[in-house]
Amino acid sequence: MSTLTRKPLVSGNWKMHHTHLDAIAFVQKFAFSLTVEDHRRTEVSLHPPFTALRSVQTVLDADRIPVALGAQDVHWEDKGAYTGEISALMLAKLNVTYVIVGHSERRQHFGETDETVSKKVRAVLAAGMIPIVCVGEGEAERDAGATESLVVGQLRAALAGVAPEAVAKVVVAYEPIWAIGTGKAATPDDAQSVAAALRESVAVDHGTGSGNSIRIQYGGSVTADNLGEMLGLPDVDGALVGGASLDAEVFAGLVTGLRG
Ligand code: PEP
């Protein structure tokens, strides 16, 4: 893959929203709004809660909808006495393609660390899926001018020891914590300069091929109003969307809004 072939990936992270019944209705309505051309231009992934994965998979398969199935988290072990956890093998069996790893809400509320993120990245890749590795700074770190060193450090830790061919497939989501759910997105200039720094660090650590291939999403208060501009940035290859992915019509509007 090169810069020319980095297809934008727009991912809807539903967090703890939607029952499996809501999810089925969402997918049917969402899919109806998108054309073959939309799918050709933009790859879309949906990340429902674990309880709705099987239902969403069934609808996507039955109706041959070219939308990728995604999960919001994973455990790094294949199996074992880890009450409440879900393994990468279990997700892979459901035809999950993308797994969000290290979302700031998991780092903040559930004790996720750079070390557990790294284990999860390896488990996801080993099971043949693609991690969406989330990195991002808080407001205080931004004000202290520490954004780039912090996010590059998070990414370095997440990808340490991963083979370059595998790194090339990884998706990174740059999500400033202060922008998540606040209605206050990063400026395109800031998103571009952080994305460029992340890409450069991958090139240095894992080779220019991986640096060129890795897709970098921006996340944090993405709407139909700012998505087009973000995707026009040279180093931003998609978006991780929370609030604006919860309603089928609104989320479809983000994708159809990218039509030329
Ligand atoms: C997110 O949590 O990943 C996110 C980007 O949320 P929102 O779009 O609501 O800011």
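Index from 1, following the sequence. Each ligand, and each atom within it, is numbered from 1 in the order the structure gives.
In terms of polar-atom proximity, His103 is counted as a contact of ligand 1, with an N or O under 3.5 Å from an N or O of the ligand. The shortest N or O to N or O distance between Gly243 and ligand 1 is under 3.5 Å. For a threshold of 3.5 Å applied to N or O pairs, the pair formed by Gly181 and ligand 1 contains at least one separation below that value. Geometrically, ligand 1 and Gly242 share a nitrogen or oxygen pair separated by less than 3.5 Å.
Using a 4.0 angstrom heavy-atom cutoff, Gly220 counts as in contact with ligand 1. At least one heavy atom of Ala179 sits closer than 4.0 Å to an atom of ligand 1.
Checked by atom type, the side-chain pair Glu137/Trp178 shows a donor-acceptor distance below 3.5 Å. Side-chain contact of Glu249 with Ser33: a donor-acceptor pair under 3.5 Å is absent, judged by distance alone. For the residue pair Glu112 / Thr116, a side-chain donor-acceptor distance below 3.5 Å is found, with atom types taken as modelled. Judged by distance alone, the side chains of Thr58 and Asp61 never bring a donor and an acceptor atom under 3.5 Å apart.
Protein heavy atom nearest atom 3 (O) of ligand 1, with residue, atom name and distance: Glu175 OE2, 2.7 Å. Nearest protein heavy-atom neighbour of atom 2 (O) of ligand 1: Lys15 NZ, 2.5 Å.
The side chain to side chain contact (heavy atoms under 4.5 Å, CB included) with Ser201 is formed by just one residue from the set Leu159, Val152, Val172; it is Val152.
Judged by the 6.0 Å distance and 45° axis criteria, Arg122 is not positioned over the aromatic ring of Trp76.
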